[in-house]
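Some notes on the structure that comes next.
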Amino acid sequence: MSTRVGVIGLGIMGSGMANNLLAKGHRVSVQNRTAARTERFAAAGATVCCTPSELAASCDVILICVSDTPDVEAVLFGPDGVAAGAAAGSLVVDASTISPDATRDFAARLAGQGVAFLDTPVSGGSEGAVKGTLSIMVGGAAADLERARPVLEAIGARVTHVGPVGAGQTCKLVNQILVVVNMLAVSEALLLAQAGGLDLTKTIAAVESGAAGSWMLSNRGPQVIQRDWRPGFTIDLQQKDLRLVLEAADSLGIPLQATAGVFQLYRTLQSAGLGGEGNHALVKALEALSGTTVGRSGDSADDSRR
Ligand code: NAP
């Protein structure tokens with residue numbers, strides 16, 4: 001009989017993953033804390049389970065995508081958690097972005113009952129989850145990755161084995177430094193372009209194919225110009241990741257000036273009630289400091305917090 005894959009967590013990312021697994025012919029079970037989110041997957045052919053334990057008992061590969069470290073712990077080891085149901089020989093694959101240290105602890109506890117573990121955090125945003133084009137950073141044993149590969153290749157376009165358990169999460173923290181410092185550069189660049197009287201769309205066109213080009217500039221730059229703050233990734237989740245980055249840097253003794261600065265800038269936006277906006281709304285923190293507003297002509301400085 002073919003492998004059965006269980007997906008726990010049907011939020012923005014997990015729902016895209018479950019859809020792609022179903023579309024590519026996998027036998028899929030799903031479970032979500034808020035049961036209503038499972039309904040459309042039942043209609044698409046998935047088996048719905050009531051608890052992580054029930055799902056784990058019937059699946060060979062258990063894919064988790066929930067919010068933060070305590071949430072993964074609750075799904076794995078809480079009442080009716082994965083550990084209570086998983087058979088020896090099954091494989092847990094965690095695609096959430098969480099603490100590398102906690103990841104190693106979770107893997108060791110599962111290993112005690114013969115359950116294997118991979119950390120597989122992803123990058124590529126909600127767009128990548130829907131299209132099945134995520135970049136996946138894998139920590140764990142090579143043999144476990146080969147078991148999980150058909151599942152990972154159904155949800156991602158690039159699967160990179162970066163090291164032992166925990167290394168995937170450390171690599172994801174590296175990814176998040178690059179994301180936010182790049183977003184800071186895009187914000188400062190657009191602010192100077194605005195103050196200097198440049199046409200912002202022409203400015204992006206002029207620089208994006210040269211050495212200054214980036215995914216953030218090409219995808220989020222136009223959204224900033226349009227003052228479209230709908231999230232691909234919210235400021236609140238971005239801050240969760242930056243907290244993980246700064247904790248890891250602290251324990252490793254690495255100073256991260258720019259990342260720490262961006263964390264404080266996002267904090268001002270959370271204090272203003274903007275934590276649900278997209279991470280490209282970082283520009284609003286710089287607008288508040290400079291009195292200049294990027295984007296649509298005719299916007300006043302007061303507009304910068306909309
Ligand atoms: P989301 O839309 O907020 O979904 C969160 C999911 O986790 C929901 O299914 C939620 O269940 C479940 N959950 C949260 N706490 C739980 C708990 N204690 N017990 C059981 N289930 C719990 O978040 P998302 O954007 O999919 O992000 C999920 C993970 O992927 C995060 O670690 C995030 O950092 C990472 N990620 C996100 C993106 C992105 O662009 N969005 C990109 C890369 C990585 P309910 O439905 O009951 O609330």
Side-chain angles (χ1 to χ4, degrees), residues 6-20 30-41 46 48-56 62-84 92-100 102-103 106 119-138 152 155-158 168-169 171-180 183 215-216 219-220 223 229-245 266 275-281:
V7 181
I8 299 177
L10 299 170
I12 291 175
M13 301 301 282
S15 59
M17 294 172 188
N19 276 331
N20 279 307
V30 295
Q31 191 274 331
N32 195 67
R33 179 178 60 180
T34 304
R37 276 183 149 164
T38 61
E39 285 166 12
R40 66 190 172 94
F41 295 94
V48 174
C49 298
C50 294
T51 64
S53 158
E54 181 191 332
L55 177 140
I62 301 140
L63 176 64
I64 300 172
C65 193
V66 297
S67 307
D68 201 350
T69 308
D71 306 312
V72 174
E73 183 162 29
V75 163
L76 288 175
F77 303 110
D80 291 324
V82 167
V92 171
V93 177
D94 180 25
S96 323
T97 302
I98 66 163
S99 155
T103 291
F106 297 162
D119 47 309
T120 64
V122 301
S123 179
S126 48
E127 299 95 328
V130 169
K131 291 180 191 158
T133 57
L134 294 166
S135 287
I136 308 177
M137 297 152 251
V138 182
L152 299 177
I155 64 173
R158 179 175 291 206
Q169 295 294 353
C171 190
K172 171 70 185 193
L173 301 186
V174 170
N175 183 86
Q176 295 308 72
I177 294 173
L178 293 164
V179 163
V180 298
M183 194 60 236
W215 188 97
M216 273 291 178
N219 289 277
R220 299 300 180 226
Q223 265 188 277
W229 310 119
R230 285 174 296 176
F233 191 57
T234 64
I235 288 172
D236 284 342
L237 275 179
Q238 186 71 81
Q239 286 291 74
K240 180 263 296 180
D241 289 0
L242 294 187
R243 175 176 49 75
L244 293 171
V245 171
Y266 275 130
E277 295 197 346
N279 58 355
H280 54 294

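We count ligands from 1, going down the list as the structure has it; atoms in each ligand are counted the same way. Computed from a prediction, not measured in an experiment: that's the story for all the values here.
Residue contacts with ligand 1, taken as heavy atom pairs separated by less than 4.0 Å, do not involve Gln176 at all.
Of the protein's heavy atoms, Thr34 OG1, 2.5 Å lies nearest to atom 47 (O) of ligand 1. In terms of protein heavy-atom proximity, atom 23 (O) of ligand 1 is nearest to Leu237 CD1, 4.1 Å. At the top of the distance list for atom 4 (O) of ligand 1, counting protein heavy atoms only, stands Gly11 CA, 3.3 Å. From the protein, the heavy atom lying nearest to atom 12 (C) of ligand 1 is Val66 CG1, 3.7 Å. When hydrogens are left out, the protein atom nearest atom 10 (C) of ligand 1 is Arg33 NH2, 4.1 Å; that is the closest non-hydrogen contact.
Taking every non-hydrogen atom of Val122 and a distance limit under 4.0 Å, the qualifying atoms of ligand 1 come out as 43 (C), 44 (C). Residue-ligand proximity, Ser126 to ligand 1, at heavy-atom distances under 4.0 Å covers atoms 40 (O). Below 4.0 Å from some heavy atom of Gly9 lie the following atoms of ligand 1, by number and element: 9 (O).
Looking at Glu127 and Arg220, a side-chain N of the basic residue comes within less than 4.0 Å of a carboxylate O on the acidic one, giving a salt bridge.
Judged by distance alone, the side chains of Ser96 and Asp94 do bring a donor and an acceptor atom under 3.5 Å apart.
Checked against ring-ring contact (aromatic ring centres under 6.0 Å, His included), Phe106 has the following partners two or more places apart in sequence or in another chain: Phe77.
Two residues are said to be in side-chain contact when any heavy atoms from C-beta on lie closer than 4.5 Å; Val122 and Met13 meet this criterion.
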Gln176 vs Asp241, side chain to side chain donor-acceptor pair (under 3.5 Å): CA-CA, chis, key distance, verdict: CA-CA 7 Å; Gln176 295 308 72; Asp241 289 0; 2.8 Å; yes
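With Asp71, Val7, Asp68, Thr234 as candidates, the residue nearest to atom 18 (N) of ligand 1 on a non-hydrogen basis is Asp71. Nearest to atom 25 (O) of ligand 1 by heavy-atom distance, out of Thr69, Asn175, Ile12, Leu10, is Ile12.
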Can you give the donor-acceptor pairs under 3.5 Å from side chains of residues 33-40 to other protein atoms, not counting sequence neighbours?
from: Thr38; atom 1: OG1; to: Ala35; atom 2: O; distance (Å): 2.6

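Here CD1 of Ile64 is found 11.5 Å from CG of Asp119. Values are rounded to the nearest 0.5 Å.
Annotation: Met13 places an N or O atom under 3.5 Å from an N or O atom of ligand 1; distance criterion only.
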